[in-house]
Amino acid sequence: MIDLKDLRETPDKYRKGAADKNVRVDIDAILDFDLRHRAAQQEFERLRAEQNAASQSIGKLKDPEEKKLAVARVGTLKASVKDAEERARQLETDLQALLLLVPQPADLDVPVGRDASENVVVSKWGEPKKFNFKTQNHIELAQKLKIVDFEAGVKLGGSRSYMLLGAGAELHMAVIRLALDIMVRENGFTQVTVPVLVREEAMQGTGFFPTGREQAYHVSEDNLFLTGTAEVGLTAMHAGQTLEESQLPLRYVAVSTCFRREAGTYGKDTAGLYRVHLFDKVEQVVIARNDIEESKLWHRKMLGFAETLLQRLELPYRIIQCCTGDIGVKNASMLDIETWMPSRFDGKDPATGYGETHSASRLYEFQSRRLNLRYKGADGKVRYCHTLNNTVVASPRILIPIIENYQNEDGSVTVPEALRGYMGGRETIS
RNA sequence: GGAGAGGUGGCGGAGUGGCUGAACGCGCCGGUUUCGAAAACCGGUUAACCGCAAGGUUACGGGAGUUCGAAUCUCCCCCUCUCCGCCA
(Lines give C-alpha, C1' and ligand atoms only; values in the text may rest on other atoms or scores of the structure.)
Protein backbone atom coordinates (compact mmCIF):
# COMPACT_ATOMS: atom_id res chain seq x y z
CA MET A 1 0.00 0.00 0.00
CA ILE A 2 1.34 3.34 -0.96
CA ASP A 3 0.71 6.60 0.84
CA LEU A 4 -2.35 8.37 -0.55
CA LYS A 5 -1.10 11.75 0.59
CA ASP A 6 2.17 11.19 -1.19
CA LEU A 7 0.31 10.09 -4.30
CA ARG A 8 -1.73 13.27 -4.13
CA GLU A 9 1.39 15.39 -3.89
CA THR A 10 3.63 13.58 -6.34
CA PRO A 11 1.42 11.64 -8.74
CA ASP A 12 4.13 11.56 -11.38
CA LYS A 13 6.33 9.44 -9.16
CA TYR A 14 3.61 6.79 -9.12
CA ARG A 15 2.77 7.14 -12.80
CA LYS A 16 6.39 6.50 -13.68
CA GLY A 17 6.72 3.83 -11.01
CA ALA A 18 3.84 1.85 -12.48
CA ALA A 19 4.95 2.39 -16.07
CA ASP A 20 8.47 1.21 -15.25
CA LYS A 21 7.04 -1.92 -13.68
CA ASN A 22 4.78 -2.55 -16.64
CA VAL A 23 1.78 -2.30 -14.36
CA ARG A 24 -1.31 -0.58 -15.64
CA VAL A 25 -3.01 1.60 -13.04
CA ASP A 26 -5.02 4.71 -13.69
CA ILE A 27 -3.49 7.25 -11.34
CA ASP A 28 -5.80 9.98 -12.61
CA ALA A 29 -8.82 7.87 -11.76
CA ILE A 30 -7.47 7.46 -8.25
CA LEU A 31 -6.90 11.19 -7.87
CA ASP A 32 -10.42 11.80 -9.11
CA PHE A 33 -11.86 9.26 -6.67
CA ASP A 34 -9.86 10.86 -3.89
CA LEU A 35 -11.20 14.30 -4.69
CA ARG A 36 -14.77 13.10 -4.89
CA HIS A 37 -14.38 11.00 -1.79
CA ARG A 38 -13.18 13.92 0.28
CA ALA A 39 -15.99 16.14 -0.97
CA ALA A 40 -18.56 13.46 -0.18
CA GLN A 41 -16.97 12.89 3.21
CA GLN A 42 -17.25 16.55 4.09
CA GLU A 43 -20.83 16.69 2.94
CA PHE A 44 -21.69 13.69 5.06
CA GLU A 45 -19.90 15.09 8.09
CA ARG A 46 -21.74 18.38 7.78
CA LEU A 47 -25.12 16.65 7.67
CA ARG A 48 -24.22 14.27 10.48
CA ALA A 49 -23.14 17.20 12.65
CA GLU A 50 -26.50 18.80 12.05
CA GLN A 51 -28.31 15.61 12.97
CA ASN A 52 -26.20 15.07 16.08
CA ALA A 53 -26.91 18.57 17.31
CA ALA A 54 -30.64 18.19 16.70
CA SER A 55 -30.79 14.79 18.38
CA GLN A 56 -28.96 16.06 21.38
CA SER A 57 -31.40 18.93 21.86
CA ILE A 58 -34.30 16.46 21.89
CA GLY A 59 -32.94 14.87 25.03
CA LYS A 60 -33.27 18.20 26.78
CA LEU A 61 -36.85 18.91 25.73
CA LYS A 62 -39.41 18.42 28.46
CA ASP A 63 -42.72 19.11 26.75
CA PRO A 64 -43.94 15.90 25.03
CA GLU A 65 -45.62 17.82 22.18
CA GLU A 66 -42.49 19.79 21.42
CA LYS A 67 -40.49 16.59 21.58
CA LYS A 68 -42.74 14.86 19.09
CA LEU A 69 -42.32 17.69 16.62
CA ALA A 70 -38.55 17.74 16.99
CA VAL A 71 -38.31 13.99 16.49
CA ALA A 72 -40.29 14.29 13.29
CA ARG A 73 -38.04 17.09 12.08
CA VAL A 74 -34.85 15.13 12.69
CA GLY A 75 -36.46 12.11 11.10
CA THR A 76 -36.41 13.82 7.73
CA LEU A 77 -32.73 14.65 8.13
CA LYS A 78 -31.96 11.00 8.66
CA ALA A 79 -32.52 10.02 5.06
CA SER A 80 -30.16 12.61 3.64
CA VAL A 81 -27.50 11.70 6.19
CA LYS A 82 -27.78 8.05 5.24
CA ASP A 83 -27.55 8.92 1.56
CA ALA A 84 -24.47 11.05 2.02
CA GLU A 85 -22.85 8.38 4.15
CA GLU A 86 -23.52 5.69 1.58
CA ARG A 87 -22.04 7.83 -1.18
CA ALA A 88 -18.91 8.61 0.82
CA ARG A 89 -18.47 5.00 1.81
CA GLN A 90 -18.83 3.70 -1.72
CA LEU A 91 -16.23 6.15 -2.95
CA GLU A 92 -13.89 5.12 -0.19
CA THR A 93 -14.30 1.42 -1.00
CA ASP A 94 -13.58 2.06 -4.66
CA LEU A 95 -10.61 4.21 -3.78
CA GLN A 96 -9.14 1.59 -1.46
CA ALA A 97 -9.54 -1.16 -4.05
CA LEU A 98 -7.67 0.93 -6.59
CA LEU A 99 -5.02 1.93 -4.10
CA LEU A 100 -4.18 -1.72 -3.40
CA LEU A 101 -3.20 -2.08 -7.04
CA VAL A 102 -0.70 0.78 -7.12
CA PRO A 103 2.81 -0.62 -7.13
CA GLN A 104 5.59 0.55 -4.89
CA PRO A 105 7.77 2.66 -7.19
CA ALA A 106 11.15 1.07 -7.77
CA ASP A 107 14.14 2.62 -6.09
CA LEU A 108 16.36 4.90 -8.16
CA ASP A 109 19.17 2.35 -8.19
CA VAL A 110 16.95 -0.20 -9.93
CA PRO A 111 17.53 -0.36 -13.67
CA VAL A 112 14.49 0.27 -15.82
CA GLY A 113 13.59 -2.72 -17.95
CA ARG A 114 10.68 -4.66 -19.40
CA ASP A 115 11.26 -8.13 -18.02
CA ALA A 116 13.82 -10.59 -16.69
CA SER A 117 15.84 -10.29 -19.89
CA GLU A 118 16.91 -6.82 -18.81
CA ASN A 119 18.11 -7.81 -15.38
CA VAL A 120 21.69 -6.90 -14.60
CA VAL A 121 24.40 -9.21 -13.32
CA VAL A 122 25.97 -7.58 -10.28
CA SER A 123 28.59 -10.11 -9.30
CA LYS A 124 29.71 -13.70 -9.61
CA TRP A 125 31.24 -16.11 -7.16
CA GLY A 126 32.99 -19.37 -7.96
CA GLU A 127 33.89 -21.00 -11.24
CA PRO A 128 31.55 -23.56 -12.80
CA LYS A 129 33.29 -26.91 -12.60
CA LYS A 130 34.54 -28.48 -15.82
CA PHE A 131 33.62 -32.14 -15.99
CA ASN A 132 35.79 -34.53 -17.95
CA PHE A 133 32.99 -37.02 -18.38
CA LYS A 134 29.45 -36.90 -19.70
CA THR A 135 27.31 -35.38 -17.00
CA GLN A 136 23.74 -36.29 -16.12
CA ASN A 137 21.00 -34.00 -14.93
CA HIS A 138 19.59 -34.19 -11.40
CA ILE A 139 16.57 -36.17 -12.52
CA GLU A 140 18.64 -39.00 -13.99
CA LEU A 141 21.06 -38.99 -11.10
CA ALA A 142 18.38 -38.88 -8.42
CA GLN A 143 16.31 -41.62 -9.97
CA LYS A 144 19.26 -43.95 -10.37
CA LEU A 145 20.37 -43.28 -6.81
CA LYS A 146 16.77 -43.76 -5.67
CA ILE A 147 16.80 -40.52 -3.68
CA VAL A 148 13.78 -39.02 -5.42
CA ASP A 149 10.63 -40.82 -6.57
CA PHE A 150 8.75 -38.65 -9.03
CA GLU A 151 6.23 -41.32 -10.05
CA ALA A 152 5.10 -41.90 -6.49
CA GLY A 153 4.84 -38.17 -5.96
CA VAL A 154 2.63 -37.71 -9.01
CA LYS A 155 0.53 -40.73 -8.07
CA LEU A 156 -0.21 -39.15 -4.70
CA GLY A 157 -0.18 -35.46 -5.37
CA GLY A 158 -0.56 -34.92 -9.10
CA SER A 159 1.79 -32.99 -11.34
CA ARG A 160 4.79 -31.18 -9.85
CA SER A 161 4.78 -33.57 -6.90
CA TYR A 162 7.65 -35.76 -5.73
CA MET A 163 8.93 -37.77 -2.82
CA LEU A 164 12.46 -37.55 -1.47
CA LEU A 165 13.77 -40.75 0.01
CA GLY A 166 16.74 -41.95 1.93
CA ALA A 167 19.80 -39.81 1.33
CA GLY A 168 17.64 -37.42 -0.71
CA ALA A 169 15.46 -36.63 2.27
CA GLU A 170 18.53 -36.46 4.48
CA LEU A 171 20.22 -34.04 2.13
CA HIS A 172 17.08 -31.92 2.16
CA MET A 173 17.02 -31.74 5.95
CA ALA A 174 20.77 -31.14 6.06
CA VAL A 175 20.66 -27.96 3.96
CA ILE A 176 17.77 -26.69 6.04
CA ARG A 177 19.66 -27.31 9.25
CA LEU A 178 22.79 -25.68 7.87
CA ALA A 179 20.72 -22.65 6.84
CA LEU A 180 19.13 -22.36 10.28
CA ASP A 181 22.49 -22.69 12.02
CA ILE A 182 23.95 -19.90 9.91
CA MET A 183 21.05 -17.60 10.74
CA VAL A 184 20.44 -18.49 14.38
CA ARG A 185 23.84 -19.54 15.70
CA GLU A 186 26.05 -17.27 13.64
CA ASN A 187 23.94 -14.21 12.94
CA GLY A 188 21.61 -13.86 15.89
CA PHE A 189 18.29 -14.31 14.12
CA THR A 190 15.38 -15.56 16.19
CA GLN A 191 13.86 -18.76 14.89
CA VAL A 192 10.09 -18.72 14.68
CA THR A 193 7.49 -21.22 13.58
CA VAL A 194 4.73 -19.77 11.46
CA PRO A 195 1.21 -20.74 10.49
CA VAL A 196 1.15 -21.75 6.84
CA LEU A 197 -2.63 -21.60 6.80
CA VAL A 198 -3.62 -17.97 7.13
CA ARG A 199 -6.47 -15.54 6.76
CA GLU A 200 -6.97 -13.31 3.81
CA GLU A 201 -5.83 -10.25 5.77
CA ALA A 202 -2.37 -11.73 6.21
CA MET A 203 -2.10 -12.33 2.46
CA GLN A 204 -3.33 -8.88 1.58
CA GLY A 205 -1.26 -7.27 4.31
CA THR A 206 1.96 -8.78 3.03
CA GLY A 207 1.07 -7.80 -0.52
CA PHE A 208 0.44 -11.25 -1.99
CA PHE A 209 -3.17 -10.25 -2.61
CA PRO A 210 -4.99 -8.99 -4.59
CA THR A 211 -2.36 -9.19 -7.35
CA GLY A 212 -1.14 -12.79 -7.30
CA ARG A 213 -4.18 -14.25 -5.62
CA GLU A 214 -4.33 -17.03 -8.19
CA GLN A 215 -0.98 -18.36 -6.96
CA ALA A 216 -2.32 -19.34 -3.54
CA TYR A 217 -4.24 -22.44 -2.57
CA HIS A 218 -7.55 -21.57 -0.98
CA VAL A 219 -9.08 -23.81 1.66
CA SER A 220 -12.64 -22.75 1.02
CA GLU A 221 -14.18 -24.79 3.85
CA ASP A 222 -12.55 -22.46 6.37
CA ASN A 223 -11.72 -19.58 4.06
CA LEU A 224 -8.01 -19.81 4.76
CA PHE A 225 -5.05 -19.71 2.40
CA LEU A 226 -1.88 -21.78 2.22
CA THR A 227 1.18 -19.57 2.24
CA GLY A 228 3.81 -19.69 -0.46
CA THR A 229 6.50 -18.48 1.92
CA ALA A 230 7.15 -17.95 5.63
CA GLU A 231 7.51 -14.27 4.78
CA VAL A 232 3.77 -14.00 5.34
CA GLY A 233 3.88 -15.29 8.90
CA LEU A 234 7.09 -13.53 9.88
CA THR A 235 6.09 -10.16 8.48
CA ALA A 236 2.44 -10.18 9.52
CA MET A 237 3.25 -11.44 13.01
CA HIS A 238 3.30 -7.92 14.44
CA ALA A 239 0.48 -6.53 12.31
CA GLY A 240 -1.55 -3.87 14.05
CA GLN A 241 1.12 -3.30 16.68
CA THR A 242 3.13 -0.26 17.57
CA LEU A 243 6.58 -1.53 18.46
CA GLU A 244 9.24 0.33 20.41
CA GLU A 245 12.18 1.64 18.43
CA SER A 246 14.51 -0.11 20.85
CA GLN A 247 13.10 -3.48 19.74
CA LEU A 248 14.18 -2.88 16.16
CA PRO A 249 15.46 -4.31 14.00
CA LEU A 250 13.59 -7.56 14.53
CA ARG A 251 15.41 -10.40 12.84
CA TYR A 252 13.42 -13.54 12.25
CA VAL A 253 14.03 -16.80 10.48
CA ALA A 254 11.56 -19.63 9.88
CA VAL A 255 11.40 -22.92 8.04
CA SER A 256 8.08 -23.57 6.46
CA THR A 257 6.49 -25.70 3.84
CA CYS A 258 5.56 -23.45 0.93
CA PHE A 259 2.57 -24.02 -1.32
CA ARG A 260 2.37 -22.58 -4.81
CA ARG A 261 -0.22 -23.25 -7.45
CA GLU A 262 2.16 -22.20 -10.24
CA ALA A 263 -0.83 -21.06 -12.23
CA GLY A 264 0.13 -19.95 -15.70
CA THR A 265 3.35 -21.97 -15.82
CA TYR A 266 2.02 -24.99 -17.69
CA GLY A 267 4.80 -26.41 -19.77
CA LYS A 268 7.53 -24.51 -17.92
CA ASP A 269 10.13 -26.58 -16.09
CA THR A 270 7.71 -29.48 -15.96
CA ALA A 271 10.25 -32.12 -15.08
CA GLY A 272 12.37 -32.45 -12.00
CA LEU A 273 12.68 -30.56 -8.78
CA TYR A 274 12.88 -27.03 -10.15
CA ARG A 275 9.26 -25.92 -10.15
CA VAL A 276 7.10 -27.84 -7.71
CA HIS A 277 3.85 -27.13 -5.86
CA LEU A 278 5.26 -27.82 -2.44
CA PHE A 279 8.70 -27.25 -1.00
CA ASP A 280 10.42 -26.25 2.21
CA LYS A 281 12.14 -22.95 2.64
CA VAL A 282 14.18 -21.20 5.27
CA GLU A 283 13.23 -17.54 5.06
CA GLN A 284 14.76 -14.50 6.74
CA VAL A 285 12.76 -11.39 7.54
CA VAL A 286 13.94 -8.11 9.01
CA ILE A 287 11.57 -5.50 10.41
CA ALA A 288 13.57 -2.29 10.62
CA ARG A 289 13.28 1.38 11.41
CA ASN A 290 11.94 3.75 8.79
CA ASP A 291 15.30 4.62 7.32
CA ILE A 292 16.14 4.08 3.67
CA GLU A 293 19.88 3.77 4.21
CA GLU A 294 19.33 1.25 6.98
CA SER A 295 17.03 -0.76 4.73
CA LYS A 296 19.65 -0.83 2.02
CA LEU A 297 22.25 -1.93 4.51
CA TRP A 298 20.09 -4.80 5.72
CA HIS A 299 19.30 -5.76 2.17
CA ARG A 300 22.99 -6.27 1.46
CA LYS A 301 23.52 -8.06 4.76
CA MET A 302 20.66 -10.46 4.16
CA LEU A 303 22.00 -11.16 0.71
CA GLY A 304 25.33 -11.87 2.38
CA PHE A 305 23.80 -14.51 4.67
CA ALA A 306 22.49 -16.39 1.65
CA GLU A 307 25.89 -16.07 -0.01
CA THR A 308 27.51 -17.54 3.07
CA LEU A 309 25.34 -20.62 2.69
CA LEU A 310 26.18 -21.07 -0.98
CA GLN A 311 29.88 -20.54 -0.30
CA ARG A 312 29.81 -23.17 2.43
CA LEU A 313 28.25 -25.50 -0.10
CA GLU A 314 30.87 -24.35 -2.61
CA LEU A 315 28.25 -23.75 -5.25
CA PRO A 316 29.02 -21.13 -7.92
CA TYR A 317 26.43 -18.39 -8.11
CA ARG A 318 25.81 -14.93 -9.45
CA ILE A 319 23.85 -12.02 -8.08
CA ILE A 320 21.27 -10.33 -10.23
CA GLN A 321 19.81 -6.90 -9.78
CA CYS A 322 16.29 -7.34 -11.08
CA CYS A 323 15.02 -4.58 -13.32
CA THR A 324 11.82 -2.63 -12.73
CA GLY A 325 9.76 -4.97 -14.91
CA ASP A 326 10.78 -8.03 -12.88
CA ILE A 327 10.54 -6.98 -9.23
CA GLY A 328 6.79 -7.22 -8.73
CA VAL A 329 4.36 -4.70 -7.31
CA LYS A 330 5.61 -4.87 -3.72
CA ASN A 331 9.30 -4.22 -4.02
CA ALA A 332 11.40 -1.11 -4.08
CA SER A 333 14.27 -3.33 -5.10
CA MET A 334 14.91 -7.02 -5.56
CA LEU A 335 18.13 -8.97 -5.94
CA ASP A 336 18.10 -12.59 -6.99
CA ILE A 337 20.78 -15.18 -6.52
CA GLU A 338 21.14 -17.70 -9.30
CA THR A 339 23.10 -20.85 -8.64
CA TRP A 340 25.02 -22.86 -11.19
CA MET A 341 23.00 -25.83 -12.44
CA PRO A 342 25.07 -27.75 -15.02
CA SER A 343 22.02 -29.29 -16.69
CA ARG A 344 20.66 -25.87 -17.62
CA PHE A 345 23.90 -24.85 -19.36
CA ASP A 346 23.57 -24.94 -23.16
CA GLY A 347 27.33 -25.45 -23.57
CA LYS A 348 27.92 -22.00 -25.04
CA ASP A 349 26.43 -19.12 -23.08
CA PRO A 350 27.36 -19.37 -19.38
CA ALA A 351 24.33 -17.23 -18.52
CA THR A 352 22.07 -20.17 -19.39
CA GLY A 353 23.58 -22.31 -16.64
CA TYR A 354 22.36 -20.25 -13.73
CA GLY A 355 18.97 -20.93 -12.12
CA GLU A 356 17.23 -18.78 -9.54
CA THR A 357 17.51 -20.05 -5.99
CA HIS A 358 17.11 -16.92 -3.86
CA SER A 359 15.23 -13.66 -3.94
CA ALA A 360 15.97 -10.72 -1.66
CA SER A 361 13.36 -8.01 -1.37
CA ARG A 362 13.38 -4.50 0.04
CA LEU A 363 9.89 -3.12 0.53
CA TYR A 364 10.22 0.01 2.64
CA GLU A 365 6.74 0.85 4.03
CA PHE A 366 4.72 -1.08 1.46
CA GLN A 367 3.82 -4.04 3.67
CA SER A 368 3.83 -2.05 6.92
CA ARG A 369 1.12 0.25 5.67
CA ARG A 370 -1.09 -2.64 4.69
CA LEU A 371 -0.37 -4.42 7.95
CA ASN A 372 -0.50 -1.31 10.09
CA LEU A 373 2.89 -2.27 11.45
CA ARG A 374 4.45 0.69 13.22
CA TYR A 375 6.92 1.71 15.87
CA LYS A 376 7.29 4.57 18.26
CA GLY A 377 10.52 6.43 17.66
CA ALA A 378 12.82 7.78 20.35
CA ASP A 379 11.32 11.18 19.54
CA GLY A 380 7.85 9.87 20.40
CA LYS A 381 6.65 9.90 16.80
CA VAL A 382 4.94 6.84 15.38
CA ARG A 383 6.19 5.65 12.01
CA TYR A 384 5.70 2.68 9.70
CA CYS A 385 8.41 0.04 9.87
CA HIS A 386 10.46 -1.02 6.90
CA THR A 387 10.37 -4.70 5.97
CA LEU A 388 12.79 -6.91 4.09
CA ASN A 389 12.98 -10.57 3.28
CA ASN A 390 15.26 -13.05 1.62
CA THR A 391 15.56 -16.75 1.08
CA VAL A 392 18.22 -18.54 3.09
CA VAL A 393 17.61 -21.77 1.28
CA ALA A 394 14.74 -23.40 -0.56
CA SER A 395 14.75 -27.14 -0.94
CA PRO A 396 14.45 -29.32 -2.97
CA ARG A 397 15.36 -26.70 -5.59
CA ILE A 398 18.80 -26.28 -4.03
CA LEU A 399 19.30 -30.04 -4.37
CA ILE A 400 19.55 -29.54 -8.14
CA PRO A 401 22.88 -27.68 -8.03
CA ILE A 402 24.10 -29.86 -5.19
CA ILE A 403 23.42 -33.14 -6.98
CA GLU A 404 24.56 -31.91 -10.37
CA ASN A 405 27.72 -30.10 -9.28
CA TYR A 406 28.81 -32.87 -6.96
CA GLN A 407 28.18 -35.76 -9.35
CA ASN A 408 30.91 -38.23 -10.14
CA GLU A 409 31.57 -40.22 -13.29
CA ASP A 410 30.03 -43.37 -11.81
CA GLY A 411 26.78 -41.57 -11.07
CA SER A 412 27.43 -41.22 -7.36
CA VAL A 413 27.18 -37.86 -5.62
CA THR A 414 29.72 -36.51 -3.16
CA VAL A 415 28.13 -34.93 -0.08
CA PRO A 416 29.33 -31.31 0.32
CA GLU A 417 31.59 -31.09 3.34
CA ALA A 418 29.39 -28.52 5.04
CA LEU A 419 26.51 -31.00 5.09
CA ARG A 420 28.31 -34.10 6.27
CA GLY A 421 27.89 -33.23 9.92
CA TYR A 422 24.15 -33.26 9.43
CA MET A 423 24.24 -36.65 7.73
CA GLY A 424 26.16 -38.71 10.21
CA GLY A 425 29.44 -37.99 8.49
CA ARG A 426 28.32 -39.50 5.20
CA GLU A 427 30.63 -38.56 2.32
CA THR A 428 28.98 -39.98 -0.76
CA ILE A 429 25.62 -41.07 -2.01
CA SER A 430 25.83 -44.07 -4.28
C1' G B 1 -18.72 -31.60 17.39
C1' G B 2 -22.08 -30.09 22.04
C1' A B 3 -22.92 -26.48 26.28
C1' G B 4 -21.68 -21.91 28.53
C1' A B 5 -18.93 -17.08 29.58
C1' G B 6 -16.75 -12.99 27.56
C1' G B 7 -14.37 -9.17 24.05
C1' U B 8 -14.38 -1.28 26.69
C1' G B 9 -8.19 3.36 26.59
C1' G B 10 -0.93 1.10 27.70
C1' C B 11 -3.01 -2.34 31.75
C1' G B 12 -6.93 -3.52 35.44
C1' G B 13 -11.91 -2.34 35.56
C1' A B 14 -16.95 0.70 35.74
C1' G B 15 -20.68 1.68 32.53
C1' U B 16 -27.83 -1.59 30.21
C1' G B 17 -30.64 4.18 25.52
C1' G B 18 -29.20 11.02 25.54
C1' C B 19 -25.37 15.00 30.31
C1' U B 20 -19.85 8.86 28.47
C1' G B 21 -14.46 9.49 24.31
C1' A B 22 -15.72 6.87 28.29
C1' A B 23 -15.97 6.79 36.20
C1' C B 24 -12.16 4.78 39.38
C1' G B 25 -7.31 2.58 40.05
C1' C B 26 -2.45 1.52 38.00
C1' G B 27 1.02 3.17 34.53
C1' C B 28 3.10 7.25 31.78
C1' C B 29 4.44 12.73 31.14
C1' G B 30 5.11 17.70 33.46
C1' G B 31 5.40 20.46 38.04
C1' U B 32 5.78 21.34 43.60
C1' U B 33 8.80 19.30 47.47
C1' U B 34 14.16 17.23 47.97
C1' C B 35 21.30 17.74 48.08
C1' G B 36 19.30 13.84 44.83
C1' A B 37 15.63 10.08 44.82
C1' A B 38 11.28 7.69 46.93
C1' A B 39 6.69 9.09 49.03
C1' A B 40 3.06 12.87 48.96
C1' C B 41 0.48 16.69 46.42
C1' C B 42 -1.10 19.48 41.80
C1' G B 43 -1.84 19.25 36.58
C1' G B 44 -1.79 16.50 32.02
C1' U B 45 -2.37 11.80 29.29
C1' U B 46 -6.82 7.63 23.01
C1' A B 47 -6.37 7.46 17.92
C1' A B 48 -7.59 8.15 12.63
C1' C B 49 -9.52 11.41 9.05
C1' C B 50 -11.26 16.39 6.91
C1' G B 51 -10.10 21.66 7.62
C1' C B 52 -5.48 27.56 7.10
C1' A B 53 -8.23 27.82 11.50
C1' A B 54 -12.47 27.70 14.47
C1' G B 55 -14.25 23.30 14.47
C1' G B 56 -16.21 18.69 12.78
C1' U B 57 -16.68 13.35 11.77
C1' U B 58 -15.47 8.44 13.06
C1' A B 59 -13.91 4.55 16.42
C1' C B 60 -15.95 0.65 23.03
C1' G B 61 -13.69 -7.04 18.48
C1' G B 62 -15.86 -6.63 12.91
C1' G B 63 -20.34 -5.99 9.94
C1' A B 64 -25.65 -5.16 9.41
C1' G B 65 -30.09 -3.37 11.87
C1' U B 66 -33.75 -0.90 15.55
C1' U B 67 -34.04 4.41 17.26
C1' C B 68 -34.53 11.42 16.58
C1' G B 69 -30.23 9.36 19.52
C1' A B 70 -26.45 2.95 20.81
C1' A B 71 -20.53 1.07 24.49
C1' U B 72 -25.64 0.06 26.13
C1' C B 73 -31.21 -3.28 22.32
C1' U B 74 -31.49 -7.18 17.84
C1' C B 75 -29.03 -10.33 14.05
C1' C B 76 -24.58 -12.32 11.56
C1' C B 77 -19.28 -13.03 11.69
C1' C B 78 -14.37 -13.18 14.11
C1' C B 79 -11.57 -14.02 18.46
C1' U B 80 -10.55 -15.58 23.68
C1' C B 81 -11.78 -18.58 27.89
C1' U B 82 -14.35 -22.81 30.72
C1' C B 83 -16.73 -27.66 30.69
C1' C B 84 -18.06 -32.27 27.89
C1' G B 85 -16.94 -35.43 23.68
C1' C B 86 -13.16 -36.78 20.13
C1' C B 87 -8.11 -36.82 18.84
C1' A B 88 -2.06 -36.22 17.24
Side-chain angles (χ1 to χ4, degrees), chain A residues 1-9 30-100 102 193-205 209 218-225 232-233 236-248 256-257 290 365 368-385:
Chain A
M1 173 80 72
I2 51 101
D3 182 2
L4 177 58
K5 270 188 201 147
D6 196 45
L7 180 113
R8 220 142 51 201
E9 283 157 22
I30 294 175
L31 291 173
D32 183 52
F33 267 110
D34 176 43
L35 218 60
R36 280 158 56 209
H37 168 247
R38 278 188 295 162
Q41 187 71 29
Q42 280 176 37
E43 172 67 2
F44 156 67
E45 287 179 6
R46 191 183 60 76
L47 288 166
R48 176 50 67 84
E50 208 177 305
Q51 186 195 8
N52 283 349
S55 288
Q56 230 164 45
S57 67
I58 288 174
K60 296 191 178 97
L61 293 176
K62 292 271 148 40
D63 180 52
E65 272 308 307
E66 242 182 276
K67 210 165 189 167
K68 230 172 141 183
L69 273 166
V71 168
R73 221 176 310 121
V74 179
T76 58
L77 243 182
K78 242 183 102 171
S80 52
V81 172
K82 204 172 173 183
D83 258 28
E85 183 173 23
E86 186 46 47
R87 239 174 299 133
R89 189 193 304 244
Q90 188 55 53
L91 282 164
E92 165 149 37
T93 307
D94 295 346
L95 180 62
Q96 285 303 322
L98 283 173
L99 224 42
L100 283 175
V102 181
T193 71
V194 294
V196 294
L197 202 53
V198 304
R199 296 158 171 273
E200 181 157 11
E201 297 88 272
M203 296 300 276
Q204 184 166 104
F209 286 4
H218 181 204
V219 180
S220 59
E221 183 77 3
D222 298 290
N223 199 27
L224 294 169
F225 298 85
V232 176
M237 180 177 173
H238 296 290
Q241 297 184 356
T242 304
L243 305 165
E244 289 298 325
E245 180 164 358
S246 58
Q247 295 176 259
L248 305 179
S256 82
T257 299
N290 192 311
E365 301 178 9
S368 291
R369 283 186 178 278
R370 293 181 176 228
L371 291 166
N372 197 227
L373 168 58
R374 303 175 302 169
Y375 71 97
K376 190 180 219 158
D379 57 2
K381 265 197 168 171
V382 175
R383 294 184 181 81
Y384 288 104
C385 300

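In what follows, every heavy atom counts, from backbone to side chain, and hydrogens, waters and symmetry copies are set aside. Sequence lines set the chain letters: A, B, ... in the order given, protein chains first and strands last, and positions in each chain run from 1.
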Remember a base hit wins even if backbone is also touched, and classify Gln42(A) as base, sugar-phosphate or nothing at under 4.0 Å, heavy atoms.
-> sugar-phosphate

Inter-nucleotide C1' distance (G2(B), G10(B)), Å rounded = 38 Å

Whole-angstrom distance between G25(B) and G31(B), as gauged at atom P = 23 Å

For Gln51(A), the option from Gln56(A), Lys82(A), Lys78(A) that meets side chain to side chain contact (heavy atoms under 4.5 Å, CB included) = Lys78(A)

Re U72(B): Watson-Crick or G-U wobble partner, both distances kept under 3.5 Å, found to be none

Heavy atoms of chain A, cut-off under 4.0 Å: which first and last nucleotide of RNA chain B, 5' to 3', fall inside that, if you could look?
-> G18(B) to C79(B)

Answer for the Watson-Crick or wobble partner of U45(B), both distances under 3.5 Å, is G27(B)

Residues Arg46(A), Glu43(A): salt bridge by 4.0 Å N-O rule | yes

G6(B) pairs with, by Watson-Crick or G-U criteria that keep both distances under 3.5 Å | C79(B)

Between His218(A) and Phe225(A), what is the ring plane arrangement, given parallel below 30°, perpendicular above 60°, and tilted in between?
-> parallel

Looking only at atom types and distance, does a side-chain atom of Ser55(A) sit under 3.5 Å from a main-chain N or O of Asn52(A), one as donor and one as acceptor?
-> no

C1' atoms of U33(B) and C41(B), separation to the nearest Å | 9 Å

Nucleotide forming a Watson-Crick or wobble pair with A14(B), both distances under 3.5 Å = none

Please give the nucleotide sitting opposite C60(B) as a Watson-Crick or G-U wobble pair, both distances under 3.5 Å, or none.
-> none

Using a cut-off of 4.0 Å on non-hydrogen atoms, how would the nucleic acid contact of Ala54(A) be classed: base, sugar-phosphate, or nothing?
-> nothing

Atom C1', compared across G7(B) and G56(B): separation rounded to whole Å | 30 Å

Within residues 72-92 of chain A, residues whose heavy atoms come under 4.0 Å of RNA chain B = Val74(A), Lys78(A), Arg89(A)

A40(B): pairing nucleotide in any strand, Watson-Crick or G-U under 3.5 angstrom | U32(B)

Is Arg370(A) reaching over with its side chain to a backbone N or O of Leu100(A), donor-acceptor style, under 3.5 angstrom?
-> yes

Member of Glu85(A), Glu92(A), Arg87(A) meeting the side chain to side chain contact (heavy atoms under 4.5 Å, CB included) criterion with Arg89(A) | Glu85(A)

Please state the C1' separation for the pair U34(B) and A38(B) - nearest whole angstrom.
-> 10 Å

What is the pairing partner of A53(B), taking Watson-Crick or G-U wobble pairs with both distances under 3.5 Å in any strand?
-> none

Using a heavy-atom cut-off of under 4.0 Å over every strand shown, decide if Arg369(A) touches base, sugar-phosphate, or nothing.
-> nothing

